Amino acid sequence: MHGLSDNALLQKGSFINGRWEVSADTFEVRNPANGQLLAEISNHGAEAATAAVEAAYQAQKAWAALPAAKRAETLMAWHDEMLAHQEDLARLLTLEQGKPLAEARGEIAYGASYIKWFSEEAVRIYGDTIPAPSGDKRLLVIKQPVGVVGSITPWNFPNAMMVRKAAPALAAGCTFVAKPASETPLSALAVAELARRVGLPDGVFNVVVGTDSAAIGKVLTQHPKISKFSFTGSTATGSKLLAQCAEGIKRTSMELGGNAPFIVFDDADLDAAIEGLMAAKFRNAGQTCVCSNRVFVQQGVYDAFAEKLAKAVAELTVGDGLVEETKIGPLINEAAVEKVSDLVSQSLSQGASRLGSVSLSAEQQARGFYYPPTVLTGVSNAMALARNEIFGPVVPLIPFEDEADAIAQANDSEFGLAAYFYSRDIGRVFRVSEALEYGMVAVNEGILSNAAAPFGGVKASGHGREGSKYGLDDYLDIKYLCLGGMDK
Ligand SMILES: NC(=O)c1ccc[n+]([C@@H]2O[C@H](COP(=O)([O-])OP(=O)(O)OC[C@H]3O[C@@H](n4cnc5c(N)ncnc54)[C@H](O)[C@@H]3O)[C@@H](O)[C@H]2O)c1
Ligand SMILES: O=C[C@H](O)CS(=O)(=O)O
């Protein structure tokens with residue numbers, strides 16, 4: 001079915017306590033490229049989420065008591081299975097989310113790299129001894145898993161966003177209850193099937209699927225046996241869920257929305273900047289949290305850069321992600337197309353101009369949720385495209401005068417996730433990197449994400465870090481031990 005080699009990877013129920021649970025009530029998953037029905041998935045809610053949390057709680061102490069090397073071994077087996085089934089996982093991902101197959105393959109490898117990274121970190125959860133203030137004491141610090149983790153993730157990276165949380169959680173000795181987006185549950189369920197095959201103990205990793213995200217979310221943010229909630233999604237939803245977590249003083253990680261500036265100084269290598277922008281903007285048809293959202297170009301190179309960019313964008317092929325030549329797949333749904341269209345219309349009415357665009361075929365206009373890659377010039381930081389996360393293949397070009405102007409405009413946003421700039425001046429590289437109010441800054445580079453790096457934002461883009469040596473801290477509690485009477 002659906003061209004899979006291993007049809008058992010297409011699961012349709014929730015994965016709770018090591019078992020597949022199905023319900024008569026179902027919801028549809030459809031291909032955004034053509035509306036094809038892919039599967040009817042069990043529509044679970046609060047009851048299933050509660051059962052998953054209880055199972056995770058029962059499993060957590062035994063999982064944490066395993067030697068870290070044993071947890072690491074199981075995680076690596078999970079990693080190996082993901083790569084062994086990379087093609088099927090990528091195909092499922094493209095079918096339900098729409099991104100080109102090559103990008104989907106990349107997402108599977110990216111997700112697996114977090115499992116590998118944290119299988120290696122699992123055996124390096126060190127504590128401290130602290131010089132005591134008096135001879136009768138010894139001071140120690142140990143780190144312990146926070147407990148049961150609830151997780152909710154978005155549709156744009158349906159494999160990697162969930163795995164990027166599960167890997168450190170399980171490595172730390174926590175257990176995990178995930179709710180994927182109902183637009184794209186198949187990828188999460190396939191990962192759960194691989195977890196079952198490698199022998200993750202029952203209850204350690206659970207996936208609950210359903211359309212009543214609020215009901216499931218209430219359990220994952222407020223159940224007494226939930227210790228930590230980790231969310232990736234929009235800032236609006238993150239804010240709601242953070243408030244729900246506050247009632248029970250849950251630990252949280254929030255990976256939220258972005259509005260990335262991409263700054264091209266007049267001393268930049270323009271061809272390198274074009275290459276970097278094409279990567280930073282058009283990945284997943286512009287539907288990533290770190291996509292460049294506002295492109296600031298210094299006046300002296302504005303026209304030359306705009307001309308080069310228009311040529312590069314005109315080469316982009318739009319189509320079904322399963323077609324190897326496709327570079328730009330569909331957006332996730334009709335509402336996403338309408339949102340991008342509205343932002344472009346508003347900005348044009350506010351004075352922007354359309355420099356270039358790619359034509360959609362009659363079929364693409366009739367079926368699927370396609371939006372043509374588009375370049376707009378004469379945009380200002382006050383226009384709708386600059387004030388909102390576009391989440392589509394649209395590039396607004398905004399001119400700037402000098403370094404101070406670029407920094408001021410780039411920082412004029414409530415978001416603070418990723419920022420990019422191109423300059424060959426080492427003094428400018430340090431001045432601008434330090435002045436930008438973002439959690440991540442890429443210099444002369446368009447792709448900054450990898451498992452070794454601390455991924456996360458500041459301001460309305462959230463808190464916490466995923467990946468890197470810092471990533472485990474989000475799933476560990478620090479315990480201070482004070483040993484007295486040591487002089488007797
Ligand atoms: N910072 C990051 O790492 C990162 C990564 C990917 C996406 N994002 C952000 O996610 C957004 C796009 O994803 P989206 O449209 O799916 O976001 P969204 O916030 O609408 O949905 C995210 C998840 O939250 C669930 N959800 C929605 N409302 C809920 C509620 N009231 N209670 C519980 N769960 C609820 C959804 O079902 C989905 O699983 C963009 O803003 C993007 O920037 C951020
Ligand atoms: O959309 C958000 C993802 O975190 C993007 S990335 O693949 O991690 O760069």
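Whatever order the structure lists them in is the order used to number ligands and atoms, beginning at 1. Everything numeric in this text was worked out from a predicted model, so none of it was measured.
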For Glu255, state whether at least one heavy atom is located under 4.0 Å from any atom of ligand 2. no
May I ask you to identify, for Val290, whether its side chain, its backbone, both or neither come under 4.0 Å of ligand 2 on a heavy-atom basis? side chain
For atom 40 (C) of ligand 1, grab the closest protein heavy atom and report residue, atom and distance to one decimal in Å. Glu389 OE1, 3.3 Å
Checking contacts here: is it the side chain or the backbone of Cys289 that comes within 4.0 Å of ligand 2, counting heavy atoms only? Could be both or neither. both
Which residue and atom name correspond to the protein heavy atom nearest atom 15 (O) of ligand 1, and how close is it? Trp155 NE1, 3.2 Å
So if I count the atoms of ligand 1 from 1 in the order they appear, which ones are less than 4.0 Å from some heavy atom of Ala214? 32 (N)
Distance to 0.1 Å, residue and atom name: give those for the protein heavy atom nearest to atom 28 (N) of ligand 1. Thr237 CG2, 3.4 Å
I'd like to check whether Ser461 has a polar contact with ligand 1, where a contact means an N/O of the residue lying under 3.5 Å from an N/O of the ligand. no
Which one holds for Phe157 and ligand 1: side chain close, backbone close, both close, or neither close, with close meaning a heavy atom under 4.0 Å? neither
Atoms of ligand 1 close to Arg164 [distance to a heavy atom under 4.0 angstrom, numbered from 1]: 3 (O)
Go through ligand 1 atom by atom and flag the ones less than 4.0 Å from a non-hydrogen atom of Met161. 5 (C)
Taking it one step at a time, do Ser187 and Glu96 satisfy side-chain hydrogen bond (donor to acceptor under 3.5 Å, both in side chains)? CA-CA 8 Å; Ser187 296; Glu96 66 174 352; 2.6 Å; yes
Distance from atom 5 (C) of ligand 1 to nearest protein heavy atom, with residue and atom: Thr232 CG2, 3.1 Å
Residue and atom name of the nearest protein heavy atom (relative to atom 8 (O) of ligand 2), distance in Å to one decimal: Tyr110 OH, 2.6 Å
Check Asn156 against ligand 2 and report side chain, backbone, both or neither, counting heavy atoms closer than 4.0 Å. side chain
Around atom 2 (C) of ligand 1, find the nearest protein heavy atom and jot down its residue, atom name and distance. Cys289 SG, 3.3 Å
Are there more than 12 heavy atoms of other residues, nucleotides or ligands under 6.0 Å from atom CD of Glu47? no
With a 4.0 Å cut-off, would you call Asp474 and Lys165 a salt bridge? no
Of all the non-hydrogen atoms in the protein, which one sits nearest to atom 38 (C) of ligand 1, and at what distance? Thr153 O, 3.4 Å
Above 12 or not: heavy atoms from other molecules or residues under 6.0 Å from CZ of Phe305? yes
Please confirm whether Met161 approaches ligand 2 to less than 4.0 Å, judged on its heavy atoms. yes
Atoms of ligand 2, numbered as shown, that sit under 4.0 Å from any heavy atom of Phe455: 4 (O), 8 (O)
Give the residue, atom name and distance (to 0.1 Å) of the protein heavy atom nearest atom 19 (O) of ligand 1. Ser234 OG, 2.7 Å
Atoms of ligand 1 close to Lys179 [distance to a heavy atom under 4.0 angstrom, numbered from 1]: 36 (C), 37 (O), 39 (O)
Which protein non-hydrogen atom lies closest to atom 13 (O) of ligand 1, naming both residue and atom, and how far is it? Pro154 CB, 3.4 Å
Donor-acceptor pair, side chain of Asn43 and main chain of Thr211, under 3.5 angstrom: yes
What verdict does the side chain to side chain contact (heavy atoms under 4.5 Å, CB included) test give for Leu186 and His2, after you've listed the backbone C-alpha separation in whole Å, the side-chain angles of each residue and the deciding distance to 0.1 Å? CA-CA 12 Å; Leu186 304 182; His2 303 318; 5.9 Å; no
For ligand 2, does Arg164 get within less than 4.0 Å through its side chain, its backbone, both, or neither, judged by non-hydrogen atoms? side chain
Please report the C-alpha distance between Glu334 and Arg30 in whole Å, then the side-chain angles of each, then the deciding distance to 0.1 Å, and finally whether the salt bridge (charged side-chain N to carboxylate O under 4.0 Å, His left out) criterion is met. CA-CA 12 Å; Glu334 184 60 40; Arg30 289 185 176 270; over 6 Å; no
Among all the protein's non-hydrogen atoms, which is closest to atom 9 (O) of ligand 2, and how far away is it? Ser449 OG, 2.5 Å
Provide the number and element of each atom of ligand 1 under 4.0 Å from a heavy atom of Asn156. 6 (C), 7 (C)
Quick check on contacts: which atoms of ligand 1 are under 4.0 angstrom from a heavy atom of Phe391? 12 (C), 40 (C), 42 (C), 43 (O)
Honestly, for Leu417 the part within reach of ligand 1 (heavy atoms, under 4.0 Å) is side chain
Verify, without hydrogens or angle tests, whether Arg367 (side chain) and Gly35 (backbone) share a donor-acceptor contact under 3.5 angstrom. no
Check for a donor-acceptor pair, side chain of Arg283 on one end and backbone N or O of Met278 on the other, with a separation under 3.5 Å. no
Within a distance under 4.0 Å of any heavy atom of Thr288, pick out the atoms of ligand 2 and give their elements. 1 (O)
Which one holds for Arg283 and ligand 2: side chain close, backbone close, both close, or neither close, with close meaning a heavy atom under 4.0 Å? side chain
Under a 3.5 Å distance rule, please check whether Asp320 uses its side chain to pair with a backbone N or O of Ala33 as donor and acceptor. no
